[in-house]
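See structure below.
This one's a predicted model, so the numbers in the text were calculated from it and none came from an experiment.
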Amino acid sequence: MSDFAPLEVPVAPDAPEAFGFMPCDGGVCAAAGVRAAGVSAGFRKNPNRFDLALVVTDEACPVAGTFTTNRFCAAPVTVSRERAARPGARARAVVLNSGNANAATGEPGLEVARRTSEIVAAELGCDSEEVLVASTGVIGVPLPLAPFEAGVPAAVASLGADAAHAHDAACAVMTTDTRPKEVALEGRVSDGRGGEVTVHVGGFVKGSGMIQPNMATMLAVLSTDAPLTTEAARAALSLAVRDSFNKVTVDSDTSTNDTALLLATGAAGGEPIGVDSPAFPAVAAAVKGCCVELARKIAADGEGSTKLVTVSVMGAASPSDADAVARAIANSPLVKTAIFGHDANWGRVAAAAGKCGVAFDQARVDIDFMGVPVCRSGLTVPMDEEDMLRRFEAPEIDIAVDLGAGACATRVWTCDLTHDYVTINGDYRT
């Protein structure tokens, strides 16, 4: 109906496909040298629901972590952040529980987090400093130690290195998630000796509400068998989180427990990969690719959501301007409810962009819904309403905005806002 061409949304040059990485099976266990388990330990009333996850490497290996910026951070965040920040940090295991966040629990909560790592270490025969901990669930409720005392030995006994065990671990960290979220990639990189080795990157994440960067309300464990150094693992994870988990918003709230960890077993072989190694860009792209896919899964599973929404903002004067406009659109209740109602109301997008304090000329702004021009130079473009209604049946809704103010761009993922979001969060504790 329009003579205008759709906006061209830029494609990231460091997509994992560009380095030959492709999806594979295995989740967090896709990487050699990793085992996982999920069991019911008693944190939840339902004995048929897994609530304790354990991810173990065959040997202590380099680890990197990123954590919530919320000043009301949980006890396991305090413990794990300190351990992951140490020079040359290495880890042997990550233990995670759902059902209780161990947040706002004071010194007793810190003691439970530390004792939990000691229980895992005793079962694995490693140092407790090599065990990282993470929790998710209700805030302000003391976390009992007894479920760990019974659940950790059961988890160790059921550890496995296949996709089924990875799936059990992914299920054990779910709270209001409606489905587990896993990913794995496989590709070949330089071994530093003139040849190549096959490496894997995989992992899982939980998260569906209280989602707003920095980080999302999430626990993520990623693994790779690439021989990354600790410094390279940190660099790869930091770059990945910046453009993935830090680009997700469901409801603009930031959690107390956000944790993302990367374990690098090195079991694929080859020379150590530092940040200056020829293989680093490829492995970093794979880590980012896994994080992007997991971030998209978080947004798609937003509490009560029916749509994954991708907001792309181009033509901004600076990266921070692009980010501010994208977040304003993605967090707008009016935009999110319009999407739920299948209403191509681009005026709400324009209003959200204009309220966030970023300078631009409205007469230069273009907007597309799902590849259909709806606004050019700040003015409406006639659309076929019936065609738009059909397009809104798709599981993913794309909104693209060009501010016409520069060359910077970004992408944020969110979801629609439905009646069920209120229902889920209205009785979260009850």
I would like to know whether F148 and F43 meet ring pair (Phe, Tyr, Trp, His ring centres under 6.0 Å); could you show each step before the answer?
CA-CA 9 Å; F148 290 110; F43 294 104; 4.8 Å; yes
Please check if any side-chain donor atom of T178 sits under 3.5 Å from a side-chain acceptor atom of D301, or the reverse.
yes
Sort and list the pairs that fulfil side chain to side chain donor-acceptor pair (under 3.5 Å) and have at least one residue in residues 37-57, not counting sequence neighbours.
R44-S98
On the 0 to 90° scale, with breaks at 30° and 60°, tag the F369-F392 ring pair as parallel, tilted or perpendicular.
perpendicular
Within the supplied structure, the quantity of interest is the number of heavy atoms (other residues, nucleotides, ligands) at a distance under 6.0 Å from E107 CD; does it exceed 12?
yes
Please say which of V56, L132, V55, V34 ends up in a side-chain contact (heavy atoms from CB on, under 4.5 Å) with L263.
V55
Taking C-beta and beyond as the side chain, do V9 and M314 meet within less than 4.5 Å on heavy atoms?
yes
Name all residues meeting the side chain to side chain donor-acceptor pair (under 3.5 Å) criterion together with S158; count only those two or more places apart in sequence or in a different chain, and write none if there are none.
none
Is it the case that the side chains of T310 and E396 hold a donor-acceptor pair, with the cut-off being a distance below 3.5 Å and no angle test?
yes
Going by the side chain to side chain donor-acceptor pair (under 3.5 Å) test, name the single residue among N102, N97, T105 that passes it with S135.
N97
Are more than 12 heavy atoms from other residues, nucleotides or ligands located less than 6.0 Å from atom CD of E59?
no
CG-SG distance between L237 and C290, expressed to the nearest 0.5 angstrom
11.5 Å
Quick one about T414 and K336 (side-chain donor to acceptor, distance below 3.5 Å, no hydrogens or angles considered), yes or no?
yes
Contact list for residues 260-274, test salt bridge (Lys or Arg N to Asp or Glu O under 4.0 Å), sequence neighbours left out
R193-E271
Identified side chain to side chain donor-acceptor pair (under 3.5 Å) partner of S117 from the options E130, R83, E129:
R83
Can you measure from CG (L222) to CG (L261) and round to the nearest 0.5 angstrom?
8.5 Å
Working to the nearest 0.5 angstrom, can you tell me the gap between L239 CG and C291 SG?
10.5 Å
Between V156 and the options L54, I119, V39, the side-chain contact (heavy atoms from CB on, under 4.5 Å) test singles out L54
Between the CZ atom in R411 and the CG atom in D323, the distance rounded to the nearest 0.5 Å is 13.5 Å
Take a 6.0 Å sphere around CG of D58 and say whether it holds more than 12 heavy atoms from other residues, nucleotides or ligands.
yes
